[in-house]
Number of protein chains: 2
Amino acid sequence: MRSVLAEADPALAYTTIATVLDRLHSKGRVLREKSGGAWVYRAARTREAALAGEVARMMRRAETSPEPLLVAFLDEVEASDPTALDQLEALIRARRQTS
Amino acid sequence: MRSVLAEADPALAYTTIATVLDRLHSKGRVLREKSGGAWVYRAARTREAALAGEVARMMRRAETSPEPLLVAFLDEVEASDPTALDQLEALIRARRQTS
DNA sequence: TGATGCCTACGACAATGCGTCGTAGGATCA
DNA sequence: TGATCCTACGACGCATTGTCGTAGGCATCA
């Protein structure tokens with residue numbers, strides 16, 4: 001908790017961090033467990049998982065095919081890291097092997 | 001505009017739609033142009049493009065490899081539409097052909 | 001054992017965003 | 001020219017967010 005404060009902005013009041021974490025916890029965005037009287041917090045989902053979940057919700061809601069979304073995704077992936085496409089293809093293949 | 005109202009919820013007041021569109025426009029989320037005294041609105045970006053942009057920002061900001069994001073993405077894609085993986089692979093291949 | 005310090009629970013307050021609408025007045029069209 | 005449609009703007013209630021303070025519990029240490 002002290003450490004969260006240090007990482008965020010040490011100029012903020014301690015209770016500010018406490019309040020924010022508390023609210024995030026009540027919304028299920030972070031998990032916490034007791035450790036000697038004090039709570040220890042950790043993220044409930046990674047940023048990546050949250051974003052991917054967003055993608056999935058969109059796919060499920062689309063009446064049409066998921067293709068436009070996939071295409072848009074590939075566009076961006078390719079643009080920001082050209083090698084990532086190969087990586088993606090490799091991951092797909094690997095996934096097929098094991099399932 | 002009348003049509004937006006109809007598609008959204010015809011029970012809402014006309015001015016509700018007007019206000020919402022106006023606010024979206026001032027935030028750049030929709031574009032508009034005059035057509036005989038009335039504004040005609042259209043989305044500035046598709047939902048897909050917006051989400052994909054989010055993906056891109058995340059990839060660019062990641063100090064490490066983009067792999068966790070790709071993995072999370074595949075997990076979700078696979079879970080919500082099992083055939084989409086094949087589709088995705090085909091799209092990657094097609095992309096390689098043309099570039 | 002009492003003081004010190006860290007932690008939590010809870011409340012507060014201002015700023016902002018959002019959904020909803022009404023009114024006033026300009027533009028359009030039969 | 002009058003009825004109809006549209007825009008601009010303000011308003012209101014509610015929820016969220018960033019920020020903090022106070023009160024009180026629990027442990028540690030001189």
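Here is how names work: the chains are called A, B, and so on, in the same order as the sequence lines, proteins then strands, and each is numbered from 1.
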Between P of C/dC7 and CG of A/Asp22, the distance in whole Å: 15 Å
Quick check: on DNA chain D, is the nucleotide nearest B/Tyr14 upstream (toward 5') of the one nearest B/Thr19, or the reverse? Name the residue that is more 5'. B/Tyr14
Going through the distances and angles, do B/Arg42 and B/Glu33 end up as a salt bridge (Lys or Arg N to Asp or Glu O under 4.0 Å)? CA-CA 9 Å; B/Arg42 67 179 205 279; B/Glu33 65 191 291; 3.5 Å; yes
Rounded at 0.5 Å granularity, tell me how far CG in B/Leu51 sits from OG1 in B/Thr46. 9.5 Å
Tell me whether B/Asp75 is salt-bridged to A/Arg95, with the criterion being a basic N under 4.0 Å from an acidic carboxylate O. yes
Provide, to the nearest angstrom, the distance between the CG atom belonging to A/Leu12 and the P atom belonging to D/dG18. 11 Å
Quick one: A/Leu5 CG to D/dG18 C1', roughly how many Å, whole number? 14 Å
Is the distance from OP1 or OP2 of D/dC5 to the nearest side-chain N or O of B/Arg2 less than 4.0 Å? no
Base, sugar-phosphate alone, or nothing: which one does A/Arg23 contact when heavy atoms must sit under 4.0 Å apart? base
Options C/dA9, C/dG22, D/dA8, nucleotide nearest the side-chain atoms of B/Ala13: C/dG22
Tell me if the side-chain of B/Thr16 makes a donor-acceptor pair with the base of C/dG19, cut-off 3.5 Å, by modelled atom types. no
Whole angstrom value for the distance that separates C1' of C/dC21 from CD1 of B/Ile17: 12 Å
Applying a 4.0 Å non-hydrogen cut-off, can you work out what B/Ala38 is touching in the nucleic acid: base, sugar-phosphate, or nothing? sugar-phosphate
Ignoring backbone atoms, establish whether B/Lys27 has a side-chain N or O less than 4.0 Å from OP1 or OP2 of C/dT16. no
Would a single hydrophobic cluster contain both B/Leu12 and B/Tyr41, if residues Ile, Leu, Val, Met, Phe, Trp and Tyr are joined by side-chain heavy-atom contacts under 4.5 Å? yes
When rounded to whole Å, the CG to P distance for the pair A/Leu21 and D/dT19 reads 13 Å
Which residue lies toward the 5' end of DNA chain C, B/Gly37 or A/Met1, if each is placed at its nearest nucleotide? A/Met1
